[in-house]
Amino acid sequence: MADEIKTIAVLTSGGDAPGMNAAIRAVARTAIFRGLKVKGIKKGYNGLLNEDIIDMEPRHVSDIIQRGGTVLGTARCMEFTKLEYQQKGADICRKHGIDGIVVIGGDGSYRGAQALARLGINTVGVPGTIDLDIACTEYTIGFDTAVNTAMQAIDKVKDTSSSHERCSIIEVMGRHAGYIALWCGIANGAEDILLPEEYKYDEQEIINHIIESRKKGKTHHLIINAEGIGHSTSMARRIEAATGIETRATILGYMQRGGNPTAMDRYYASIMGAYAVDIMLQGKSNRVVGYRHGEFSDFDIEEALQMQKGIDAYQYEIAKVLTI
Ligand code: ADP
Ligand code: F6P
């Protein structure tokens with residue numbers, strides 16, 4: 001055990017994601033098992049600045065692994081992008097005897113963790129976001145649940161769309177990334193998948209595709225549109241006007257962030273939470289946990305933030321092939 005680490009804290013930051021509770025539980029119980037004291041910081045960096053900090057015992061995290069959301073609460077705290085507030089945060093950590101923080105969140109949250117590390121507080125990030133948009137890892141907590149929630153909702157829309165022989169545009173979350181859209185597009189058998197990374201803003205191409213599909217005997221035309229492209233309602237109006245086919249838009253919205261986490265989210269969140277504690281005890285700081293090529297590993301936060309990831313060209317091509 002690294003000599004200097006006696007107390008660690010855990011916080012969740014940015015958008016919540018199903019499985020964050022499993023990660024909190026794993027952080028708390030692993031740290032307690034390893035002989036540390038554990039504190040929970042409520043509502044992300046806001047809670048740190050407001051000293052909204054609680055002691056955590058093993059029983060505080062009982063019965064939460066199956067629950068969506070985050071029991072610690074989360075927030076977006078713009079103040080924390082400023083050095084004076086980061087310094088205040090580091091001072092508050094010292095005041096409460098917090099030697100290290102496990103930050104469960106996305107890219108933005110790691111910037112906060114990086115700032116604290118520079119100011120002498122050990123930090124490790126755990127990837128918690130439904131968007132799967134963190135380049136250093138093939139898995140982020142919440143993605144699997146969100147995709148399954150969206151897929152089930154889209155199946156339902158597809159039923160009614162087929163009955164009415166309509167075109168449906170369904171907008172899924174993902175911020176600037178198209179992973180939820182790609183996965184739903186393949187899992188739901190969508191005719192078109194619009195990804196921010198790939199979309200050429202050529203609506204005529206979609207219109208031609210709808211007309212062709214109709215000629216081939218397809219009774220519905222399902223378009224999965226990523227939030228990063230957006231404008232599904234106006235797109236539906238234009239498509240209906242151009243094709244004469246009734247077209248409806250459905251924006252799935254926040255339902256994708258809630259609900260009981262899948263086994264996959266609970267499992268990966270549990271291992272990643274524990275891993276974060278264990279690497280901190282090995283003396284590592286300013287790191288982020290990832291899962292790549294079948295293994296859990298960790299990366300320097302700056303390197304992780306510099307990494308890029310895009311949509312796999314082969315998978316995107318096959319998504320199109322499968323709609324013939
Ligand atoms: P996510 O962590 O899901 O990417 P955000 O981008 O909203 O979500 O970031 C979450 C929080 O992380 C922000 O509200 C802020 O408190 C903190 N944060 C974001 N960017 C920075 C930054 N450049 N420096 C310090 N803290 C940051
Ligand atoms: O990052 C998760 C996410 O749900 C994105 O998919 C979406 O763009 C964003 O958060 C919405 O954020 P907010 O909760 O601030 O509206």
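One-based numbering along the sequence shown. Order of listing sets the numbers, starting from 1, for every ligand and every atom in it.
A donor-acceptor pair shorter than 3.5 Å cannot be found between the side chains of Arg237 and Ser234. Checking Tyr275 against Asp298 by side-chain atom types alone, a donor-acceptor pair falls below 3.5 Å. In this structure, a donor-acceptor pair under 3.5 Å is absent between the side chains of Asn50 and Tyr45. A donor-acceptor pair shorter than 3.5 Å cannot be found between the side chains of Asp99 and Asn122. A donor atom on one side chain and an acceptor atom on the other are found under 3.5 Å apart for Ser232 and Glu171.
Judged as a side-chain contact (heavy atoms from CB on, under 4.5 Å), and not counting sequence neighbours, the contacts of Asp312 are Tyr314, Gln315. Residues forming a salt bridge (charged side-chain N to carboxylate O under 4.0 Å, His left out) with Glu205 (at least two apart in sequence, or on another chain): none.
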Under 3.5 Å, N/O to N/O: give me all the pairs between ligand 1 and the protein, one per line with atom names and distance.
residue: ligand 1; atom: 2 (O); partner: Gly106; partner atom: N; Å: 2.9
residue: ligand 1; atom: 2 (O); partner: Gly106; partner atom: O; Å: 3.3
residue: ligand 1; atom: 2 (O); partner: Ser109; partner atom: N; Å: 2.9
residue: ligand 1; atom: 2 (O); partner: Ser109; partner atom: OG; Å: 2.5
residue: ligand 1; atom: 4 (O); partner: Asp107; partner atom: N; Å: 3.4
residue: ligand 1; atom: 4 (O); partner: Gly108; partner atom: N; Å: 3.0
residue: ligand 1; atom: 7 (O); partner: Arg76; partner atom: NH1; Å: 2.9
residue: ligand 1; atom: 8 (O); partner: Arg76; partner atom: NH1; Å: 3.3
residue: ligand 1; atom: 12 (O); partner: Gly108; partner atom: O; Å: 3.3
residue: ligand 1; atom: 14 (O); partner: Cys77; partner atom: N; Å: 2.6
residue: ligand 1; atom: 16 (O); partner: Cys77; partner atom: N; Å: 3.3
residue: ligand 1; atom: 16 (O); partner: Cys77; partner atom: O; Å: 2.6
residue: ligand 1; atom: 18 (N); partner: Gly108; partner atom: O; Å: 3.1
residue: ligand 1; atom: 20 (N); partner: Gly108; partner atom: O; Å: 3.4
residue: ligand 1; atom: 26 (N); partner: Gly112; partner atom: N; Å: 3.4

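Taking the six-membered ring for Trp and the full ring otherwise, the centers of His220 and His164 sit at least 6.0 Å from each other.
The residues lining ligand 2, counting any heavy atom closer than 4.0 Å, are Arg76, Thr129, Ile130, Asp131, Met173, Gly174, Arg175, Glu227, Tyr254, Arg257.
Relative orientation of the Tyr268 and Tyr291 rings is perpendicular, given thresholds of 30° and 60° on the angle between their planes.
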